[in-house]
Amino acid sequence: MPESLATPEPIQRLIEAFHRLPGIGPKSAQRLAYHLVRTSPQEAESLARAIVEARERIHYCSRCVNLTERDPCAVCADPRRDQSTICVVEQPLDVLAIERSGIYRGVYHVLHGILNPMEGIGPEHLHIDALVARVAGGDVREVIMATNPSLEGEATVMYIQRVLAPHGVRVTRLARGLPSGADLEYADTMTLARALEGRQEL
Amino acid sequence: MAGRPPRTVATEGVVLRRRPAGDADAILVLLTPGEGRVDAVARGVRKPQSKLRGHVEPVTRSRFLLAHGRSLDVVAQAESVDAYLGIKANLDALAAAIYCCELAERFAAERSPQPDLYLLLVDVLDALARGVNPALAARYFELHLLAVCGFELQVAACASCGAELPEADALFSAASGGLLCAACRVEVPGRLLSVRAQKVLRYARRAGVDAFCGVRVPAETAEEVRAALGEAVRAVLDAEPRSARFFETLPPS
């Protein structure tokens with residue numbers, strides 16, 4: 001390619017940086033990079049500052065491992081929350097989803113991932129040791145497993161149940177079955193079996 | 001004049017792996033009897049309202065209607081035949097099933113009929129769902145997988161000269177393709193296998209999965225067999241299967 005047609009080096013670096021982000025393919029990375037270099041210097045600077053600030057000011061909560069500006073995080077520090085009930089989730093966004101329901105009054109533990117042996121993600125890559133230490137060291141009565149109802153989610157639930165067994169804590173998981181608006185005809189065996197197991201008295 | 005290939009194909013298959021793609025899609029790795037390993041896109045499957053979702057979970061046997069796409073097939077329909085609930089309720093069985101599925105994916109040829117490999121995988125998954133010993137089921141799968149994929153280990157006689165093996169420790173050499181007699185093992189790297197471990201390997205080769213998994217194997221012998229078969233698998237793959245560590249290091253229940 002003639003030198004005059006090559007992408008300028010700073011834009012190329014920006015494209016590569018965007019391409020490393022999750023869900024961003026090469027074309028999206030190019031679009032974002034070219035969009036940014038066309039914006040006003042103030043807008044570009046404000047984005048750069050927001051990235052640096054978020055990276056500098058956000059840390060892991062020393063109790064629940066959620067992302068937070070202050071340690072402990074707002075949920076862990078709230079005296080009205082039930083500290084004896086821990087809801088275990090895969091990602092920080094799952095905490096927001098459960099908080100939106102407005103029903104749960106306990107605290108959380110964020111694993112930052114899920115067991116996925118085929119992709120080489122084992123227990124050592126998740127914050128399972130921190131959960132075990134929390135249960136071992138405190139007055140925890142119940143651990144609610146709120147991982148996704150997938151094969152990897154099931155593996156994570158069973159693994160955590162096994163490592164928590166010596167501590168005698170009650171381990172429960174979110175109910176599984178037919179989602180609202182579902183069509184029984186299309187339901188798979190696993191979902192139907194779980195829905196029948198979890199049926200309720202009317 | 002040759003006809004155009006069909007635009008859709010109906011096949012049974014086991015979902016070996018599922019990885020996310022785009023916002024709501026997933027790419028499935030399937031093992032099918034007639035098409036071998038097939039990668040197929042399941043559109044919108046990560047949305048809660050997806051009708052395909054539960055039918056395309058890994059470690060599930062389903063009937064598929066696959067539409068040929070430009071690069072990957074697209075899952076047009078899927079209906080689960082066996083969700084292997086018995087496996088998914090037991091961590092040890094699940095870890096063994098994941099390990100077997102990974103091996104099947106790595107050994108299977110793409111777009112090439114693999115009926116024997118398919119039957120073997122279904123046989124072992126069925127047995128795991130019935131509650132057989134997961135570790136022995138994995139050993140059975142490794143040994144038979146090597147055989148159906150053209151890497152059969154010689155466990156009944158010397159892999160080099162074909163001589164009958166005496167009732168004594170024998171050298172197992174993954175590179176040589178099995179057990180070696182005293183005369184052939186000079187300067188060949190490998191590991192010594194006890195007579196008991198050799199008998200376990202021979203029985204695994206000729207028995208059905210249920211009969212083999214019902215055998216009581218002392219822990220020491222099981223470890224010898226695990227190490228030997230693991231070495232043979234690694235020798236073919238030239239890599240450690242990713243799920244092996246998880247399977248082998250589960251805390252006791």
Side-chain angles (χ1 to χ4, degrees), chain A residues 22-25 27-28 90 97 114-126 128-129 132 145 148-167 171 173-174 176-197, chain B residues 15-23 26 29 45-62 77-85 87-99 101-103 105-106 240-253:
Chain A
I24 305 284
K27 286 283 170 202
S28 305
E90 291 174 26
I114 195 156
L115 283 180
N116 194 344
M118 271 205 200
E119 304 295 341
I121 301 172
E124 67 278 12
H125 297 103
L126 310 178
I128 293 177
D129 287 347
V132 176
M145 295 301 303
N148 286 331
S150 59
L151 185 85
E152 295 81 9
E154 288 297 301
T156 309
V157 167
M158 288 192 282
Y159 183 86
I160 289 180
Q161 186 183 23
R162 191 173 281 189
V163 294
L164 289 181
H167 301 284
V171 182
R173 71 167 140 210
L174 297 186
R176 290 163 308 163
L178 297 164
S180 43
D183 202 327
L184 207 66
E185 184 191 347
Y186 293 105
D188 61 281
T189 328
M190 183 91 169
T191 305
L192 274 176
R194 300 291 181 236
L196 278 168
E197 275 170 19
Chain B
V15 184
L16 303 177
R17 194 152 65 99
R18 191 173 86 167
R19 58 176 195 275
D23 276 347
V29 180
V45 79
R46 284 158 57 217
K47 291 180 185 165
Q49 66 268 35
S50 165
K51 287 170 182 156
L52 283 181
R53 195 184 165 101
H55 303 282
V56 297
E57 274 286 300
V59 193
T60 299
R61 184 155 67 97
S62 295
Q77 289 175 27
E79 185 186 18
S80 52
V81 176
D82 196 339
Y84 297 116
L85 299 180
I87 292 177
K88 290 163 189 172
N90 177 321
L91 184 60
D92 297 289
L94 182 58
I98 289 172
Y99 175 66
C101 284
E102 182 187 351
L103 291 188
E105 179 187 345
R106 286 173 169 243
E240 177 82 22
R242 280 188 293 249
S243 57
R245 190 175 137 77
F246 178 69
F247 177 40
E248 306 299 348
T249 60
L250 279 178
S253 55

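Values below: all heavy atoms of this structure, side chains included; hydrogens, waters and symmetry mates excluded.
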Legend entry - Residue part contacting chain A, namely of E57(B), when any heavy atom lies under 4.5 Å: side chain
Inset, instruction - Could you go through the side-chain contact (heavy atoms from CB on, under 4.5 Å) check for E154(A) and R176(A) one step at a time? - result: CA-CA 11 Å; E154(A) 288 297 301; R176(A) 290 163 308 163; 2.5 Å; yes
Legend entry - Part of A89(B) lying under 4.5 Å from any heavy atom of chain A: backbone
Output side-chain donor-acceptor pairs under 3.5 Å for residues 155-163 of chain A, partner residues at least two apart or in another chain, one line each.
from: T156(A); atom 1: OG1; to: L115(A); atom 2: N; distance (Å): 3.1
from: T156(A); atom 1: OG1; to: E152(A); atom 2: O; distance (Å): 2.7
from: R162(A); atom 1: NH1; to: D92(B); atom 2: OD1; distance (Å): 3.2
from: R162(A); atom 1: NH1; to: D92(B); atom 2: OD2; distance (Å): 3.4
from: R162(A); atom 1: NH1; to: P251(B); atom 2: O; distance (Å): 2.8
from: R162(A); atom 1: NH2; to: D92(B); atom 2: OD2; distance (Å): 2.7

Legend entry - Shortest non-hydrogen contact between M118(A) and R242(B), atoms and distance: O-NE, 2.5 Å
Inset, instruction - May I ask you to say whether R17(B) pairs ionically with E119(A), meaning some side-chain N is under 4.0 Å from a carboxylate O? - result: yes
Return all side-chain donor-acceptor pairs below 3.5 angstrom for residues 77-85 of chain B, not counting sequence neighbours, or 'none' if the list is empty.
from: S80(B); atom 1: OG; to: T189(A); atom 2: OG1; distance (Å): 3.1
from: S80(B); atom 1: OG; to: H55(B); atom 2: ND1; distance (Å): 3.2
from: D82(B); atom 1: OD1; to: Y84(B); atom 2: N; distance (Å): 2.9
from: Y84(B); atom 1: OH; to: R61(B); atom 2: NE; distance (Å): 3.4

Legend entry - Under 4.5 Å from any heavy atom of chain A - which part of L94(B): side chain
Inset, instruction - Return the option, out of T249(B), L52(B), I98(B), N90(B), with the maximum number of heavy-atom pairs under 4.5 Å with chain A. - result: I98(B)
Legend entry - Part of P241(B) lying under 4.5 Å from any heavy atom of chain A: neither
